[in-house]
Participant: 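The structure follows.
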Amino acid sequence: MGRVFNLIFTVDFISSVIRVTTPILFATLAVLLSERAGVVNISVEGAMLISALMGVVGSAYSGSPWIGLLVAVLSGIIYSWILAFFHLRLGTDIILTGIALNLLASGLTVFVLFLLTGDKGVSTGLPSKVLPNLKIPILKDIPILGGILSNQNVLTYIALVSIFVINIFLDRTRLGVYIRAAGEAPNAVETAGKSVNRIRRTALILGGIFAGCGGAFMSMAYLSMFTKDMVAGRGFIALAAETMGKGNPLLSSISALLFGFADALSNNLQLFRIPSEITRIIPYLLTVVALATYSGRMQDKDRIPM
Amino acid sequence: MPDLIQMKEISKVYGNGIYANRHVNFSVREGEIHALVGENGAGKSTLMKVLYGLEEMDAGEILINDRPVVFHSPQDAMSLGIGMVHQHFMLVGSLTVMENVVFGYESVKGIFIDRKTARQKVLELSELFNFKIDPDMITADLAVGLKQKVEILKALYRGAKVLILDEPTAVLTPQETGELFNQLKVLKEQGYTVIFISHKLREVKEISDRISVMRRGEMIATVNTEDVSQQEISSMMVGSSSSGIIEKDKFPVLENRLAVSNLVWTDANKKKLVDDISLTVGAGEIVGIAGVEGNGQDELIEIITGILKPDSGEVQLFEKPTTGKSIRDLRDMGMSYIPSDRMTLGIAKDMSIEDNLISIMLNNKSIYNFNLLDRKKIRKMAKNLISDYSIRATSEKTEVGMLSGGNIQRVVVAREFSSGAKIIIAEQPTRGIDIGAAEFIHRKLIQLRNDGCAILLVSADLEELKRLSDRIIVLYNGQITANIEDVLNVSEIELGNYMLGVKKQSDAEIGRAYNAKTK
Amino acid sequence: MRKLSKVWWFNIATTALAITISLLIAFMIIFMVSDQPLDAVNSLLFGPLSSLRNFGTVIETMITISFTGMAVCVMFQGGQFNLGAEGAFFIGAITASAITTKLSLHPGMLMFVAIVGGGLAGMLLCYIPAILRAKFNADEMVSSLMLNYVALYLGLYLLNTFLRDPNFGMLASYKIPPDAKLTQFIPKTRIHTGVFIVAILIFLIYIFIYRTRTGYSIRVLGNNPNFAHYSGIKVGSAIVISQVVGGAIAGIGGSVELLGMYERFQWTSLPGYGWDGVIIAILARNKPQYVPIAALFLSYLRIGSSIMARLTDVPYELIIVIQSIMIVLITASALLGRLRHKMVVKEAIAHGQSI
C-alpha cells in the first residue's frame, strides 16, 4: 500500500493525471454546453472519434499539427451540426440519434482509414504530426507546481482556461444567458421571440468545438496516431461528470478530474502486477458508484422518483 | 374610434383534429380595455396566441391599422407593438427581475450584458407605471403577483402598445386583482390598449369597455359593457342559462373516512407549504378546499394520495394510518384520485382507451384469464364505460391522446368512479373542459356522495365549490383560515378574505374542520 | 382481421422511405470510392442469395441479433434507456464458456445450464443500472454504458486467468465440449437450434408484454411514468423487471451464440450486437413481434456488405455508416409529421368537428 501512496504523491503522477484528464475535460465541457441548453448529448463520444481521425488526416496531409487541429475542430462542428439538424429540425429522438451518430462515427472512421491507408486498425501509415507541449516561463520555475503544470500539451492549457471562460460565458454574456434559459424555461425564450432551436444548435456547435479539441488531443497528443475506437467511452464518462457537477463548469471539471485520476491510477497500477483488466475497470466502476451516490443525494426531498 | 386590430375569419385546428377557432371575427379599438370571455376551452387563448404569433392560423387574416399582416413568430407581433402576458408565466426562474425584463432585447457592453443600463431602464419603467419591484431579485423567489408585474414590465419594455393578458386574475388574490386593475387603468389613460381574457364576469364588468364572447371555438358577439348585464353575458357564454344549485339529499355524516391530523410539510427551501393542517371528510360528504393557487393545496393532496411523505402528522383512511403505505395500498383501501394535471398524471396518451381504463384495476381478478389479461372481458368493460360516461371515440382502441380535453377527463373519471371508490380526491375535476362534461361530472360526484362516498374536492372555481360542497375549508399559506359550514350563504367576498389571509376564523371554528360531523 | 390504423401506415411509410434514402446514399458512396461499383452494388444486394451457404449466414446473424433486438425492445418498452445489452451479451457468452469448459455435467444438462447461466449473468449486469435507477434515480443510460466496459474487462480477466487454453495459439478459452453445443441442423450452413430458442422467446416476450400484468405495467411506465406511479403501479419493480428481462434475453443470446457458432470463446472486444439491438428495436418500433423481420433485414444487409467487402474494394464498414443514417431517418418523425397534421386538419374541416 505504501508503494501505491508513494506513487500517487509524485509530481509525475499528478502531471499524468492532468494529461489523461484533458480529453475527459473537453468532452465534459462539450456535454455541459448542450446540457445547459436542454439537450442530452450522448454523441460527444462519436464527435471526438471523428475529430481524432480527421486531426491525424489533416496534419498528415498538410504537414502541420495546427492545420490538423483546425480540421479536427471543424469536424467536431460539422458532426454536432448534423446532430442538431436531425434532432432540432427533423425532430428525431436525441438519444437514438446520438446512438446512431456514434455508430456512424465508429464505422466511418474505419471506412475512411481503410480507404486512406488500407489498414482498419491504426493510422501508422499516415505521417501525422503531434501538438507541442508548452513550457510556461514563470510557472515552470515554481517547485512542484511547475513540475505538475508546466510542460503540458498546448491543448491541456486550452482546456483548463476554457473552464473559466465557459463559466463567465454562461453567467454574463447574452448567448450564455440564452443558453441557460433555453435549458431552464424554453417557453420563456420562445415567447421572447428567440428561437430555442437556434440557441440549442449554437450550444451544440460550441460543444462540437470542444469535442473536436478533445479528439485532436487523443490522436495528436495522448497518442501520436489514430487507433480504432480510441475514445473508449470518454464521451460517456463526460455525461457522468457533467451530471455529478450539476452542470456547473467548475464542479463538472472537478468530477472530470476525478475520472482522470482513476484513469491515471489504473495506468500506473499495472506496474504493480495487478492484472491490467482489473485496473482498467476502475474508472468505469467509479463512474457508476459516483453516479449512484450523487444522484441519490440530488433527489428532491422526499419525492419518490417518478 | 377606428379598429386598431381586426382578425377576420380566423380558423385554427389542432393536431388532434379539434377546431379551436372556427371562422372567428374579432376587432379591437385603440385605447380600449377589451374583455374576451368564454368558458374554459372556448378558444380564447388560441385566438390570442394566433394574434401574438405563437400559433399559426390555418385560415383567416389579420389587419393592423387596416393593413394585412402575417405573424410567424412572437417577434413579428412584438415589432408591431403587440405584447402578451401568459397565464403560465414565461419567466426564467434563475435570472434576476431585470434580466428577465430585458430578456431577448439586452444591450451589450463589449461581449457582456450591460447590466447597468438594464437596471436603469427597468427602474425607469417601474417608476413610470408605478410598479414597485426590486430589479435584482431572483425571479423564482417572487410572489405570484410580482411575477405577473415582471411579465407586464417585460411586455412594456419590448415596446408593446397592445397588451394581451391571458386570465391574469386566475392566480391573484382579490386584493392583488384590485391593484392590477388600477394599473391597467393607468395604462389605458396613457393610450395603451388592453385585451383581457377572463371567464370571471364580475371582473369583466368592472374593468372593460367592450366584451367579446366566445363559445366552442366560435365568436358569439361583441357588445358594449355598459349595455349588458352579467346574466346576459353568462347566457351568451353557456348558450343556455346556467343550471344553478343541484339538489342534494341531506343526511347526517356517520363515520370519518378520511382524517388528516397536524400535517406539516416543508419544501427544499425550508418553506412550510403545509402548516399543521387537520381535517376530516365523512362518508356522504363533499368537503371543498378553497384557496389561491400555491397555498398548500397541491402538497396537501400529494400527501393524502401518497405521492409525498409528510414531515410530521398523519393521514388516516377508515381510521387506519396510511404511513408507510404505497399508492397501491391506498387505492386498494378504496381511494380514487382525479388529478388536476390529467395529461401528466391521469393518462398514458399513446395507449388505448381500454388500456387507460384498467391501470388501477390490476389487482382485480375479473380482467384476467389464467393470469393473463383477458382482452375480451376488458373490451366489454371498456365498451360499457364508454357508453356510460358518453366518451366520444371511434372505438375502445383509440389512443387517448387523440381525444378532446373533455373526453380525456371522461376517461379519467370513468376509471376512477367505476372502481368502487369509497373516498374520492377530486382535484380541479372540471377545469378546461366543456360544459356538458363538467355538468356530467358534477352530477356523478353528487350521486357518489349520496351513495355514501367521502369526497374531497379541490377547485379554483368558487362557484363549483359552492355548488357541490357540504363544507368549504379555506387554505392560506399552508394553514386553514376557515371552515365554512353554511356554504349556501357565504359570499365570495368573504371567501376571498379568508383566501387572502385578511380574515381568519377562531381556533375553535377552525378546529371543527376535524371531526365536524356536519348536519 | 383488425383494421390497420393510419399511424401504422405512417410508420411503414417512414420506414420504407428511410430505407430507400439510405440505400441510395450507399450506392452514391460506392460509386464515389469504388473502381468496380456495379459488382459492389450487385454483391451488396444479391450476394446473400447467391448460395445456400450465404443465405445460411444471414439466418445465423439474424438469430444473434434477434436476441439483442428483443432485449432492447423490452427495455425501451419500459422507457428504460439501458444500453447494457452489449455487455450482457458478452458476459453471457463468457459465462457459457466457463460453464461448458469447467463444469462436468450430463452433456444435455450442460447446455441447458450454460444457457441459463448466460441469461443469469446478463440479468445481473442489467440489474445494476436498473436498481440504481429505481433506488437512487441514477441515469440508467450512463451507468449501463459504463458497465459495458466493466463487463468487457471483467470477461477478459476471467478469460485470461481461468479459461485460457495455453496450448492454443491465440487468446481463447478451452474447447467447448461438442455435446454441449447446439446442433447445426441444415447441411452446408451453420444454422443451429438456437433459431427455435429465438422463436419461443419472441412468442413468450410478446405474451409477456401484451398480456401479463407486469408487461402492462412496463408499457404504462414507458408511456408515462407519472401515470404509472399515480395508478399505483409499482414503478420501481417495473423499472427493474424491464431491464432485468432485457439483460436476461441478451445474456441468453450470448450463450446461444457461443454454443451455436463457436469452438472456443475468443472475443477480445465487445462484439457490437447490443448496438445492433438498438437498431432493431428502432426498426421494429419496440414491438417484439416485428423483431424477426427487422433482424432479417439488418442481417441481410450485413451479409451483403461483407460479401461485397470480400469480392470488391469497398470496405464492410460502409454498412455501419448506412444503417446509422437509416435509423436517424426512421426516427425523423417530422418527415411525415407535417403531412399528418395536414391530413388531420382536412378531415376535421370535412367533418366540421368542434371541441
Side-chain angles (χ1 to χ4, degrees), chain B residues 11-20 22 41-43 58-59 216-218 305-307 326-332 335 337 339 341-351 355-356 358-363 367-369 371-375 395 397-399 402 404-406 415 433-434, chain C residues 2-8 10-11 77-79 204 206-238 285-287 333-334 337-355:
Chain B
S11 287
K12 169 75 194 173
V13 184
Y14 278 120
N16 54 1
I18 299 300
Y19 260 109
R22 189 208 305 249
D58 293 309
R216 289 187 147 227
E218 294 180 61
T305 53
I307 294 172
S326 68
I327 294 181
R328 169 86 274 146
D329 299 334
L330 299 184
R331 283 190 171 280
D332 287 345
M335 189 177 78
Y337 175 28
D341 190 351
R342 67 186 79 104
M343 297 306 278
T344 313
L345 283 184
I347 55 158
K349 71 176 169 53
D350 296 330
M351 293 174 82
D355 272 352
N356 270 279
I358 61 172
S359 74
I360 62 168
M361 46 191 306
L362 297 180
N363 277 356
I367 60 168
Y368 295 96
N369 187 11
N371 275 331
L372 292 180
L373 292 171
D374 187 332
R375 284 284 159 203
S395 91
K397 297 275 181 207
T398 307
E399 288 170 14
M402 303 294 277
S404 70
R415 181 185 62 224
I433 63 176
D434 59 289
Chain C
R2 182 156 65 93
K3 213 179 113 202
L4 295 171
S5 68
K6 275 191 195 125
V7 179
W8 194 86
F10 272 115
N11 288 345
Q77 274 281 358
L204 289 179
Y206 178 83
I207 295 290
F208 171 70
I209 289 290
Y210 291 104
R211 298 292 296 279
T212 68
R213 174 188 176 136
T214 314
Y216 172 83
S217 306
I218 289 173
R219 284 191 294 132
V220 174
L221 168 71
N223 205 282
N224 182 354
N226 295 308
F227 173 59
H229 183 60
Y230 148 93
S231 297
I233 286 172
K234 292 200 174 102
V235 170
S237 79
R285 302 198 188 249
N286 300 341
K287 296 189 165 62
S333 54
R338 272 192 213 114
L339 179 68
R340 188 176 159 185
H341 174 72
K342 275 199 188 127
M343 285 182 64
V344 173
V345 170
K346 247 194 209 155
E347 211 170 289
I349 288 173
H351 289 105
Q353 226 172 331
S354 190
I355 310 175

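Note on naming: letters A, B, ... go to the chains in the order of the sequence lines (proteins, then strands), and numbering restarts at 1 for each one.
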Participant: Which region of B/N356, side chain (C-beta onward) or backbone (N, CA, C, O), has a non-hydrogen atom less than 4.5 Å from a non-hydrogen atom of chain C, or is it both or neither?
Facilitator: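 Its backbone and side chain both get close to chain C.
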Participant: Kindly indicate whether a cation-pi arrangement holds for C/R219 with C/Y210, taking the cut-offs as under 6.0 Å to the six-membered ring centre and within 45° of the axis.
Facilitator: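 Here C/R219 fails the 6.0 Å and 45° test against C/Y210.
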Participant: Of the non-hydrogen atoms in C/F227 and B/G346, which two are nearest, and what is the gap between them?
Facilitator: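 Scanning both residues, the minimum pair turns out to be CE1-O, 3.0 Å.
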Participant: Heavy-atom pairs under 4.5 Å with chain C: which of B/D329, B/I358, B/N371 has the most?
Facilitator: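 That would be B/I358.
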Participant: Counting only non-hydrogen atoms closer than 4.5 Å, does B/N363 touch chain C with its backbone (N, CA, C, O), its side chain (CB onward), both, or neither?
Facilitator: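 When you check distances to chain C, atoms from both the backbone and side chain of B/N363 fall under 4.5 Å.
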Participant: In terms of heavy-atom pairs under 4.5 Å, which option from B/N369, B/I367, B/D350 contacts chain C the most?
Facilitator: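 Most heavy-atom pairs under 4.5 Å with chain C: B/D350.
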Participant: Measuring heavy-atom distances to chain C, does B/M343 have an atom under 4.5 Å in its side chain, in its backbone, in both, or in neither?
Facilitator: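 Backbone of B/M343 only, per the 4.5 Å heavy-atom cut-off to chain C.
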Participant: Verify, without hydrogens or angle tests, whether C/Y216 (side chain) and B/S359 (backbone) share a donor-acceptor contact under 3.5 angstrom.
Facilitator: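 Here the side-chain-to-backbone pair exists.
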Participant: Among B/T305, B/T344, B/L330, which residue has the highest count of heavy-atom pairs closer than 4.5 Å to chain C?
Facilitator: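 It is B/T344.
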Participant: To check you understand the geometry: which heavy-atom pair defines the closest contact between C/V235 and C/P225, and what is its length?
Facilitator: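 C/V235 and C/P225 have their closest heavy atoms at CG2-O, 4.2 Å.
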Participant: Between B/L362, B/D341, B/L372, which shows the greatest number of heavy-atom pairs under 4.5 Å with chain C?
Facilitator: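 Of the candidates given, the most pairs with chain C belong to B/L362.
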Participant: Specify which of B/I360, B/D332, B/I347 makes the most heavy-atom pairs with chain C at under 4.5 Å.
Facilitator: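 It is B/I347.
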Participant: Considering non-hydrogen atoms only, spot the tightest contact between C/S217 and C/I233 and give its length.
Facilitator: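 In this case the closest contact between C/S217 and C/I233 is CB-CG2, 3.6 Å.
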Participant: Could you tell me whether B/D355 and B/R375 make a salt bridge, using a distance below 4.0 angstrom between a side-chain N and a carboxylate O?
Facilitator: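 Judged by the 4.0 Å cut-off on N to carboxylate O distance, B/D355 and B/R375 do form a salt bridge.
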